[in-house]
Amino acid sequence: MSQLKVYNSYTRQKEVFEPLVKGHVGMYVCGPTVSGESHLGHSRPYITFDVIYRYFQHMGYKVRYVRNITDAGHFEEEGREAEDKISKKAVIEKLEPMELVQKYTNLFHWAMLQFNNIEPNIEPTATGHIVEQISMIEKIINDGFAYVVNGSVYFDVKKYAEHHEYGKLSGRKIDELLETTRNLEGQNEKRNKQDFALWKAAPPEHIMRWKSPWGEGFPGWHIECSAMATKYLGPEFDIHGGGMDLLFPHHESEIAQSTICNGHTPARYWLHNNMITINGKKMGKAYNNQIMLTQMFSGDHPLLEKGFSPMTIRFFILQTHYRSTLDFSNEALLAAERGLRRLWDAYEVLQKLPVSGSEKASDTGLDEKVKKLVGEFEEFINDDFSTAKVLANMFELAPVINGIKDKHISDTALSSQTLQLMKTAFKTYLEDIFGLRNETETNSGKLDRVMQLVIDIRKEARGKKDYATSDKIRNQLQELGIILKDEKGGEMSYSFD
RNA sequence: GGUCCUGUGGCCGAGUGGCUAGGCAGAGCUCUGCAAAAGCUUCCACAGCGGUUCGAAUCCGCUCGGGACCUCCA
C-alpha cells in the first residue's frame, strides 16, 4: 500500500499526506462568486476537489468538506467606487441582490449535480457570517495589524511582514510588491499599496451593507474564507484548495489573516488546480472568452460544434493532471467523448463477464499484466491524484476485457481472483472515486437531435409525395404535444404546446 | 518590467536518465447483410543550439515560443 502524496503549493513539493487528526480530513475549497453564471473554467476546481474528496472517503477518512458561496463583499474594483460586485449587477438586472444571489446559487448547484459532484458537508455563505468576519477583523485591529480609515479597515501588510513571513505561498517579496502594485484611486486611504481591505465603508447608494464597529459597510473578499474556514474546520486544518489564480492575493491574504488570529497558517496542505484555457488563453471574464456551462451542455455557442455532456467534460478534465493547464477545443472534447464511450463500454462488458473461471490462470503472463495494471491504479492516484494515468491503464485493460468477451482471449486466461480484482477496481475508480456515471437519456440536446432526425425523415417522405407517412409523423407528434410547422422553403420547426 | 510555470507525433495528453504511455484522428486487415462496435497491425514525437553522461524527452546553460500571477478571477 503506497502512501498518498500531494503537491503542496506552500512548500512547492510533493509531501506525504498526514492528517492533523487521525482518521479525519478537513478540507476547505474556495467556492463560486454567485454574481453570474458559471463557465467551463469554474467546473475544474469543483470536479478536481470532488475527486479528491471522494478519494479521501474511499481511503476511509471521515471528511469535512467546506466550500463557501461568495455572495457579498467581493469588490469589482477595489477602492475606486467601493462597489460590491453583487449589488452592481443587481442594479443592472433590477433585482434584489439576494434574489440574484439565489438565482446563480441555484444554477451553480444545478451544474454541480450535472457533474455528479457530491455536495460539500457545509456550504457557508459570506452574508451569513458577517458577525464572524467582524470579530476576526476586530482581533486583527487589536493586535495592531490593521487600521481604520474613514470607516474602512485595511490590513497592514508591511507591519505583518516585519513579524511574519509574507508571500511564501505565492513566491512574492514584499519589496517587489511595493514596486509593482498598481496605483489605484482610493489607495490614498492605505498606508501602503500592498495593504488589502478587511472592511469597506459603504457609500449611501450601496445596497448590501451591514453595521459594524466602523460604520455601515461590507466585508473584504479575503476575510470571509478565513472566518468560515476557522469556524467550521478550526484554526488549523488539512487541505485548502482552489484555482491557481487565487494564490495571490486571496490565499496569501488568508494566511496573513489567520496567522494573526489563530497563530499559524490555516492549512497544512495547499492544493491548486490549473486553469482551463481557450486558444491558450485563460478562460475568464477579462478575456471575454467564456463558455458558460449551460452552453457547453447545449452546444449553443459560436465556438462549439456541438454540445458536450457533463460526463464528457468531467472525463475531459480527469484526463489531464489537475496542475496542468487544459486547453479547450472541439477536437479535444470530441476525443474525450469517444474515449469515454469506449472505456465505459468496456467497463459494462467487464461487469457482465462471469467470474466462474478457473482458480488458476491459463495465461499467467496476461494474468500478471492485468494484476500489475490494476495494482497501479492506487499507486498513480496516490501520486498527487494522477487520474490521467489511472485512465491510461484502464484503456490498456480494455482490449483484454473485450478480448474475453469476443473469445479472442480464453475465459480461463485470467484467474477468477484477478478478474474479480479488475471488476472491483474499475467500479471503485470509475464510479466511486472519479464520479463518472452512465449518461442519462434526458439530454435536451439529444431530444433536439432526435427531432432533427424525425424532421429529416418527414422531409424525405414529402419529397417522395408519401403524404401518408408525412402526416402520420405530424399527427402522432401532435398527440405527444409536439407541434410541427411547415415553413417557407420546405423548412420545418417544432415547438411544444 | 518583476516572480513563477511551460514547449512531446495531425489533435489531446502521460512521462521519476537506459525499458511500447494512453486516447482521438489516419492507413491496412479480421469479424460483419450494410454499418457500428470490437480485435490485430501500422504511420507520425520529444522547440532550437550547446553542455554533463557510457547513455537525455527526462539534468544544466543559452536562444526562441506559449502561459499564469503581480488588478476581479476557478
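In what follows, chains are A, B, ... by sequence order, proteins preceding strands, each numbered from 1. Just the heavy atoms: all of them, side chains too, but no hydrogens, waters or symmetry mates, feed the values below.
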Any A:Asn273 side-chain N or O less than 4.0 Å from OP1/OP2 of B:A74 = no
Is there a Watson-Crick or G-U wobble partner for B:U58 with both distances under 3.5 Å, and if so, which one is it?
-> none
Between A:Lys281 and B:G67, is there a side-chain N or O to OP1/OP2 distance below 4.0 Å?
-> yes
Whom does B:U53 pair with, Watson-Crick or G-U wobble, provided both distances fall under 3.5 Å?
-> none
Does OP1 or OP2 of B:C70 have a side-chain N or O of A:Lys193 closer than 4.0 Å?
-> no
Nearest listed nucleotide, side chain of A:Ala392, among B:G39, B:C69, B:G22 | B:G22
Distance-only, no hydrogens or angles: does the A:Asp71 side chain make a donor-acceptor pair with backbone N or O of A:Thr127 under 3.5 Å?
-> yes
Tell me which of A:Ala336 and A:His321 sits closer to the 5' end of RNA chain B, going by the nucleotide each one is nearest to.
-> A:His321
Decide if the gap between the ring center of A:His222 and the ring center of A:His251 is smaller than 6.0 angstrom.
-> no
Phosphate-side-chain proximity, A:Thr320 and B:A14, N/O vs OP1/OP2 below 4.0 Å = yes
Just call it for A:Met394: base, sugar-phosphate, or nothing, with non-hydrogen atoms closer than 4.0 Å on any strand.
-> nothing
Check every atom of B:C4, B:A74, B:C11 against the side chain of A:Ser329 and return the nucleotide holding the closest atom.
-> B:C11
Between B:G2, B:G10, B:G22, which nucleotide has the shortest distance from any of its atoms to the side chain of A:Glu331?
-> B:G10
Is any side-chain N or O of A:Thr70 closer than 4.0 Å to OP1 or OP2 of B:A74?
-> no
Base, sugar-phosphate alone, or nothing: which one does A:Gly280 contact when heavy atoms must sit under 4.0 Å apart?
-> sugar-phosphate
Between A:Arg338 and A:Lys372, name the one whose nearest nucleotide on RNA chain B is closer to the 5' end.
-> A:Lys372
Of B:G67, B:A21, B:A74, the nucleotide closest to the side chain of A:Arg44 is B:A74
May I ask you to say what A:Ile276 touches in the nucleic acid, namely base, sugar-phosphate or nothing, with a heavy-atom cut-off under 4.0 Å?
-> base
Side-chain N or O of A:Arg342 less than 4.0 angstrom from OP1 or OP2 on B:A37?
-> no
Taking B:G23, B:A14, B:G10 as options, the one with an atom nearest any side-chain atom of A:Ser324 is B:A14
Report the distance from atom CG of A:Asn393 to atom P of B:G22, rounded to the nearest whole Å.
-> 10 Å
What distance do A:Phe56 atom CZ and A:Leu4 atom CG have between them, rounded to the nearest 0.5 Å?
-> 5.5 Å
Does the side chain of A:Tyr287 get closer than 4.0 angstrom to OP1 or OP2 of B:U71 through an N or O atom?
-> no
pair_partner(B:C34), Watson-Crick or wobble, both distances < 3.5 Å, evaluates to none
Give a yes or no answer on whether the side chain of A:Arg44 reaches the backbone of A:Ile276 with a donor-acceptor pair at less than 3.5 Å.
-> no
Using a 4.0 Å heavy-atom cut-off across all strands, classify A:Met275 as base, sugar-phosphate, or nothing.
-> base
Which listed nucleotide (B:A38, B:A14, B:A21) is nearest to the side chain of A:Lys389?
-> B:A14
Pairing partner of B:G1 (Watson-Crick or G-U wobble, both distances under 3.5 Å) = B:C70
Does A:Thr325 make a side-chain N or O approach to OP1 or OP2 of B:A68 shorter than 4.0 Å?
-> no
Report the relative orientation of the aromatic rings in A:His39 and A:His42; use parallel for angles under 30°, tilted for 30 to 60°, perpendicular for over 60°.
-> tilted
Using both distances under 3.5 Å as the test, list the Watson-Crick or G-U wobble partner of B:U16, or none.
-> none
Counting Watson-Crick and G-U wobble pairs only, both distances under 3.5 Å, name the nucleotide matched with B:U42, or none.
-> B:G26
Between the side chain of A:Asn8 and the main-chain N/O of A:Tyr10, is any donor-acceptor distance below 3.5 Å?
-> yes
Should the ring pair A:Phe115 and A:Phe297 be called parallel, tilted or perpendicular, given that the plane angle runs from 0 to 90° and is split at 30 and 60?
-> perpendicular
